Structures are given as C-alpha cells and as structure tokens.
Amino acid sequence: MSPLSDSAAPVRVRIAPSPTGDPHVGTAYIGLINYLYARQRNGQFVLRIEDTDRTRFVPTSEAMIFDSLRWLGLNWDEGPDVGGPYGPYRQSERTEIYREHAKQLLASGHAYRCFCTAEKLEADRRQQIAAKLPPRYPGTCRALTAEQVQAHLAAGDPGVVRMCVPLEGSTTFTDELRGAITFDHHNVDDQVLLKSDGYPTYHLANVVDDHLMRITDVIRAEEWISSTPKHVLLYQFFGWELPRFWHMPLLRNQDKSKISKRKNPVSLIYYREAGYLPQAVINFLGLLGGGMPADFNHGTEKFTLDEMAQHFRHENIRTGGPVFDLTKLKWLNGEYLRALSLDDFYAALRGTILSDSYLRPIAALIQTRIELLSQFGDLTGFLLNDNTHPPESVYLPKNRTREETLAFAAEQIIALEAADWQPASIESALKRLGEDKQWSVKENFMLVRAILTGSTMSPPLVESMILFGKARSIDRLRRFLETEKKRPAPKA
RNA sequence: GGCGCUAUCGUCUAGGGGUUAGGACGUGAGAUUCUCAAUCUUAAAACACGGGUUCGAUUCCCGUUAGCGCUACCA
C-alpha cells in the first residue's frame, strides 16, 4: 500500500512564525513536517504571520522568514505574500476579528474582564511561589459586577479579557503521536486572551485563526502541549470542531536543552551565509525524528524533499527530542557538495562566497591597503576562510587574565546579538559594554578583531563585521569561546 | 515547587517477548594517495534503574531516577 493511498480527506496545515528576529531553524523543522503532511494528502500548506507582540516585533523579520523558507523549498499555498481565500494572513491585520470573538466569549460567560494591575499580579505570584503553590491567576476579577466593569471602562482602563476555565473537571485531548493527554482544570490558568493594548494573545488568535482558516491538523512544537487544554476549551466555548494535534519533539542543544542561539546557530540566515546547501539542511531536518522508513533506498540517509513527500511517515516520528548535531549536518553538506557537477559547484561558490556582492565591498575595504593585486588575500583571508582561531599570544591583552578575557568575550557576544547590524549600533554596543566592564576601547575592539580575523592587524573592524554578517560573526565568536573553554588553561 | 512530555552506542536512529541489538555521523587503526580530503577495510561504543507479567524481557505494565517543556498582558 502506498503512503499516498490513505490520503482521503483533504487537509489544511499551517506554520505560524512570529517576526521577532532571524528566522529560526525550529520554524524550518516544523515547517518541513507540515509541508510534507500537506503534500502527502494533497492538502494546503498555509503560512500565517503571528505578529501580535508589538514589543518584540522586528520589521525586517517577515521578509527574512519568507526568503529562508523559500530557500529551503518549503513553498506555501496561502500566506501574506501570496494571498488566499482565508486572509488576511497577518494577525495584526485581523485584530477586529479577535475582538469580536472575545466579545462573544464575554457574552456567553466563557470570558471575563480583568483589571488587575501588573503589580498586583506580580505580588500574587510571589506570594503563591513563597507558599509553594503553583502561580495562577487567583480569579479576583471573576466576581466583578457589571457596574464595577463599567466603572473601570468609563475611567479609561481597558483591562484585559481572560478565559474562564471551569473550576472543576479536566480536559483530555489526543496527541496523534502520544495518545491521550489529560489536564485537570485546576492546573489550567485563566489565560489572558485579549491584552490591554487590544491585541490578542497567541491562544486566542491561534484558535480563532485555525478555525477560520479551516486548519485540520495543528502540527507544532512540543512546548505547546501544556497550553493545548486552553485551546481545546476555547474550541468548545465557541462550539467549534477540534483539529488534530501533533506535537513534534523540540530540537535540542548538545546539552539537551531546547535549542537556543546561545549554544547553537539557530538562524537560517547563518546556514545560508555559512555555505550550507538548502538540500542538505532540509535532508538533515528530515532525519531528526525519524519519519523516513529505515529501508528507504537501501537504508540511505540521503533523500530529497520530494522523496520525503513521497515516503515520510508522520506516525513514525519519534517523540524524544533530537540533538541538533552540526557535525552530521556538515558531513551531509559535504556529501551534497561532492555530488554537484563542477559547473554547479562553481555556480554555488559564485552565488555566495565568491559573488560580486560579497567580494566588491571587500575590495573597497582593502584598495588603499595593498600595493599589489596579488596581496588581495593577505588582508582578507578571514573573510574567505572558516577557521581563524587566534593563539593566546594574539587575542590576550597585556595585563588581562585569560579568564577575564574569555568572560568579557562572552559579554561581547551578548552585546552584539542585541545590536542591529549597523556600524553605529555595533560600535555603541561594544563601547557601552567596555565602559561597564572597564575595558578600554582599544582592548575591547582588539579582542573582537583577534577572534574574528585571527590577527591583530586587519581592515577596519566594524566594516569587516558588516561584510561578514551578523550570523557568521557571532557564530565565529561563539566557536572561539567554545574551543577555548575546552582547551585546558596553559601552564604558566 | 506544580503540571506535562520523554528515555537504545557520544550524537541521529532501526528493531522488537527468545537477535552476535542493525545502520549512519563522529572517534581509533589500517589500505590507497606526492600532501590533504575523498574512498575502501576494520575496531571500540547502547537497551537509565527497580519491581512486576512471563518459561523468557531491552521490548508489555507499574514505580523510581534523570532530562526537557510549560508555569507572562512572549510566542
């Protein structure tokens, strides 16, 4: 029986990334699983942008998400940029819909307005934690009379809308990979649905949109399991049919914690700029979780997106969280590189590290610094090589210990992560840190220079960092630290 | 702390009541090569622990432990 033969009911799935920064490798992973599911059942794959958090919103993020997912070949059938019958596909353009639905819940008694201040909530929480109780909203505003609510509203206090979770009973739902999961209602908080700024929280927007967009299968990361009872309750409050839930394992760092940028490159931008091929990345992602039959093509671990769409078995996905092993990804990438024709290989080079758009700005940087064209590589090697690890004699400032230097470098990474990749912000981020920690501008910048270029002599640092890119720069700093930490301190 | 999820080599995984527990990455050794890769051969390396059920459990059940996640007017 072919995997495609049981594809009776048309399905609709979605991924719903938040534009809060660089596109995340976890988004690509969940995107892949969703994409394959839709492809196998002749369904639709929807891309929805969940931009309801104004405080974390990053304007450039959405375009990067589009580019990265397309780079990987995960094309969507409906989305903000391609349209579709259930739009708009950007949640910030749907606020009126959420408000109406919140009103509906308010009217049916499944939600209530809450005017508790942040301070009160914080105090409640602290008390509960001190008393070793689970921190939960105590339900203070459930008892508000219509008059009290009116008074708050009249005074210009919009408050928030909370869902009214039943005090008794429990909610059980089926996870397609794990079976029945039950939560007692006293462990489910009265979640805020509508924030005081008028935007919905994830929980409301997600459920409303999934229903309105006719999503049949919610395939998302494991971290959502604990909030699924809230979502199930919302579907019930509205009287809507439940989708199927598939909770995928979380990608992990080497130490098994949820994958994070502190410990791994998680930006898809990084993988592209560092020279990974999309087919290698997508293949690797498909390996995690084990949805491909072990006997596929004589047990090979190499397969294409189309082959996955043909043979992947969602119900075979393992539920243990896989460690994201860059070593294996690199091996796979090498396999794909070697399999390219020379023409394709050269074209790949010309499209990335040897592209005009990369090389020309580098030329601008060194024109005044060389006397012979043949010296081009002398000053620019660090922009073309991957391994620039400097020896201690290069990176360690006079009068600084190795420990304090490495600790400071760690701070530099954090400061740079928070910076826009513009010359002014890089400079001010580093300078601010230097002032805080009593590092002179010279020591400070020289350390970054040493780590990034492997030398104390280089083209202008900040400009070089811009050319090299944020993702790769930070990755290089992080790899330097990791290697240094593993290296035993040299005996004096 | 509470709730939930998870548990096969270092890592990704296959398997399943009786197996020499298989493959891949990585690691070691060897071959090949002017070098380095690639390639080939080869080696070491795992069923978390304790109870059941059973003639027999790594596999099924329960517990423990550990890891992870959630516990926000973030997603």
Side-chain angles (χ1 to χ4, degrees), chain A residues 16-21 24 26-27 49-57 91 114-118 121-122 125 128-137 158-162 170 173 175 177-179 181-206 220-230 247-259 283-296 298-302 316-335 337-339:
Chain A
S18 286
T20 54
H24 199 275
T27 303
I49 294 293
E50 307 221 329
D51 54 349
T52 56
D53 185 351
R54 292 158 38 249
T55 59
R56 296 200 305 155
F57 179 72
Q91 291 187 328
C114 165
F115 301 96
C116 291
T117 62
L121 293 174
E122 189 45 44
R125 230 190 313 274
Q128 288 166 329
I129 290 169
K132 299 222 182 281
L133 291 166
R136 294 234 290 114
Y137 180 67
V160 301
V161 174
R162 286 182 187 274
S170 64
F173 62 91
D175 180 289
L177 297 175
R178 302 153 216 264
I181 300 178
T182 300
F183 287 83
D184 281 342
H185 288 335
H186 60 255
N187 287 319
V188 182
D189 210 355
D190 279 1
Q191 183 60 236
V192 170
L193 298 176
L194 210 57
K195 302 182 250 186
S196 55
D197 64 3
Y199 281 80
T201 57
Y202 171 88
H203 308 279
L204 207 222
N206 194 265
R220 76 221 310 187
E222 187 183 9
E223 55 189 334
W224 294 108
I225 289 179
S226 329
S227 36
T228 304
K230 293 171 187 172
H247 290 100
M248 298 295 300
L250 241 18
L251 265 25
R252 310 292 181 94
N253 298 313
Q254 280 302 331
D255 64 5
K256 310 271 188 176
S257 55
K258 170 170 148 179
I259 196 166
N283 187 160
F284 179 65
L285 257 15
L287 237 27
L288 302 179
M292 280 297 268
D295 59 357
F296 171 71
H298 311 292
T300 182
E301 294 191 316
K302 284 177 266 179
N316 287 157
I317 291 169
R318 285 171 43 85
T319 44
V323 170
F324 193 87
D325 182 11
L326 275 177
T327 308
K328 186 149 186 178
L329 207 207
K330 261 186 233 163
W331 163 76
L332 205 47
N333 204 64
E335 290 284 304
L337 237 30
R338 278 174 234 121

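Bear in mind the structure is a predicted one, so any value in this text is a computation, not a measurement. Chain letters run A, B, ... following the sequence lines, proteins first and then strands; every chain starts at 1.
For Arg178(A), the side-chain atoms get nearest to C5(B) when compared with the rest of C5(B), A38(B), C12(B). Checked against U71(B), C25(B), A24(B), the side chain of Glu301(A) finds its nearest nucleotide in A24(B). When distances run from any side-chain atom of Lys258(A) to the nucleotides G1(B), C68(B), C5(B), the shortest one goes to C68(B). Side-chain proximity of Thr201(A) to the nucleotides G4(B), C70(B), C74(B) is greatest for C74(B). Each of C12(B), G1(B), G4(B) was ranked by its minimum atom distance to the side chain of Ile181(A); first place goes to G4(B). Nearest nucleotide to the side chain of Lys132(A), out of U39(B), G1(B), C73(B): G1(B). Residue Asn187(A) places its side chain closer to C3(B) than to any other of A7(B), C25(B), C3(B). With distances taken from any side-chain atom of Val192(A) to the nucleotides C73(B), G1(B), A75(B), the minimum falls on C73(B).
Among all heavy-atom pairs drawn from Pro249(A) and Thr319(A), the shortest one is CB-O, 3.6 Å. Nearest heavy atoms, Asp51(A) versus Tyr199(A): O-CE2, 4.4 Å. Nearest approach of Ile225(A) to Ile181(A), heavy atoms of both residues: CG2-CD1, 4.1 Å. Glu50(A) approaches Ser18(A) most closely through the heavy-atom pair O-OG, 3.1 Å.
Nucleic acid contact for Glu122(A): none, since no nucleic acid atom lies under 4.0 Å from a heavy atom of the residue. When heavy atoms are screened at a 4.0 angstrom cut-off, Glu50(A) is found touching the sugar-phosphate backbone but no base atom. In this structure, Gly320(A) reaches the sugar-phosphate backbone alone: every heavy-atom distance under 4.0 Å involves primed, P, OP1 or OP2 atoms, never a base. The residue Phe183(A) sits close only to the backbone: its heavy atoms come under 4.0 Å of sugar-phosphate atoms, none of a base. Residue-level contact check: Thr300(A) touches neither bases nor backbone, having no heavy atom under 4.0 Å from any strand. The residue Gly289(A) sits close only to the backbone: its heavy atoms come under 4.0 Å of sugar-phosphate atoms, none of a base. Backbone-only contact: Pro322(A) has heavy atoms under 4.0 Å from sugar-phosphate atoms and none from a base. Contacts of Val160(A) with the nucleic acid, taken as non-hydrogen atoms under 4.0 Å apart, include base atoms. Using a 4.0 Å heavy-atom criterion, one finds that Thr327(A) contacts the sugar-phosphate atoms exclusively.
Classification of the Phe173(A)-Phe183(A) ring pair by plane angle, with boundaries at 30° and 60°, yields parallel.
Only the C1' atoms considered, U64(B) is 13 Å distant from A7(B), to the nearest whole Å. Comparing C40(B) with C61(B), their P atoms are spaced 41 Å from each other, to the whole Å. Annotation: A46(B) and U54(B) have their C1' atoms spaced 25 Å apart (nearest Å). Straight-line distance between the P atoms of G63(B) and A45(B): roughly 34 Å, to the nearest whole Å. With P as the reference atom, G30(B) and A37(B) are 14 Å apart, rounded to whole Å. The same atom, P, is picked in G28(B) and in C36(B); the two are 14 Å apart, to the nearest Å. When the C1' atom is compared between U8(B) and A21(B), the two are found 8 Å apart, to the nearest whole Å. Distance check on atom C1': C9(B) versus G50(B) gives 23 Å, rounded to whole Å.
In terms of phosphate contacts, Arg162(A) brings a side-chain nitrogen or oxygen within less than 4.0 Å of OP1 or OP2 of C73(B). In this structure, Thr52(A) reaches the A75(B) phosphate: one of its side-chain N or O atoms is under 4.0 Å from OP1 or OP2. For the OP1/OP2 pair of C74(B) and a distance below 4.0 Å, the side-chain nitrogens and oxygens of Lys195(A) include at least one atom meeting the criterion. Between Lys256(A) and the phosphate of G69(B), there is no side-chain N or O to OP1/OP2 separation shorter than 4.0 Å. Neither OP1 nor OP2 of U6(B) sits under 4.0 Å from any side-chain N or O of Arg318(A).
The distance from atom NE2 of His185(A) to atom C1' of C3(B) is 14 Å, rounded to the nearest whole Å. Remark: P of A75(B) and CG of Leu193(A) are 12 Å apart, rounded to the nearest angstrom. Atoms NZ (Lys330(A)) and C1' (G26(B)) sit 12 Å apart, rounded to a whole Å. Regarding Trp331(A), its CH2 atom lies at a distance of 15 Å from the P atom of G23(B), rounded to whole Å. In this structure, Phe324(A) places its CZ atom 12 Å from C1' of C12(B), rounding to the nearest Å. Atom P of nucleotide C68(B) and atom CD1 of Ile225(A) are separated by 16 Å, given to the nearest angstrom. To the nearest angstrom, P of A72(B) lies 9 Å from CD of Gln191(A). Atom pair Lys328(A):NZ and C9(B):C1' shows a separation of 13 Å (rounding to whole Å applied).
Pairing of A31(B), defined by two Watson-Crick or G-U wobble distances under 3.5 Å, is identified with U39(B). In this entry G10(B) has C25(B) as its Watson-Crick or G-U wobble partner, both defining distances falling under 3.5 Å. When both pairing distances are held under 3.5 Å, G50(B) makes a Watson-Crick or G-U pair with C62(B). The pairing partner recorded for C55(B) is G18(B), the criterion being a Watson-Crick or G-U wobble arrangement whose two distances lie under 3.5 angstrom. When Watson-Crick and G-U wobble pairs are counted only if both distances are under 3.5 Å, C70(B) pairs with G2(B).
Side-chain atoms of Ser196(A) and base atoms of C73(B) include a donor and an acceptor less than 3.5 Å apart. Side-chain to base pairing of Gln254(A) with G10(B): no donor and acceptor N or O lie closer than 3.5 Å to each other.
Between Glu222(A) and Arg178(A) there is a salt bridge, since at least one side-chain N of the basic residue sits less than 4.0 Å from a carboxylate O of the acidic one.
If Pro200(A) and Thr182(A) are placed on RNA chain B by their nearest nucleotide, the residue sitting closer to the 5' end is Thr182(A). The residue among Asn316(A) and Leu133(A) whose nearest nucleotide of RNA chain B is located toward the 5' end is Leu133(A).
The side-chain contact (heavy atoms from CB on, under 4.5 Å) test with Ile259(A) is passed by exactly one of His24(A), Arg252(A), Gln254(A): His24(A).
Remark: the backbone N or O of Ala16(A) is not paired with any side-chain donor or acceptor of Arg220(A) at under 3.5 angstrom.
Val188(A) has its side chain within reach of Lys230(A): a pair of non-hydrogen atoms, C-beta onward, lies under 4.5 Å apart.
In this structure, the separation between CG on Leu204(A) and NZ on Lys195(A) is 11.0 Å, given to the nearest 0.5 Å.
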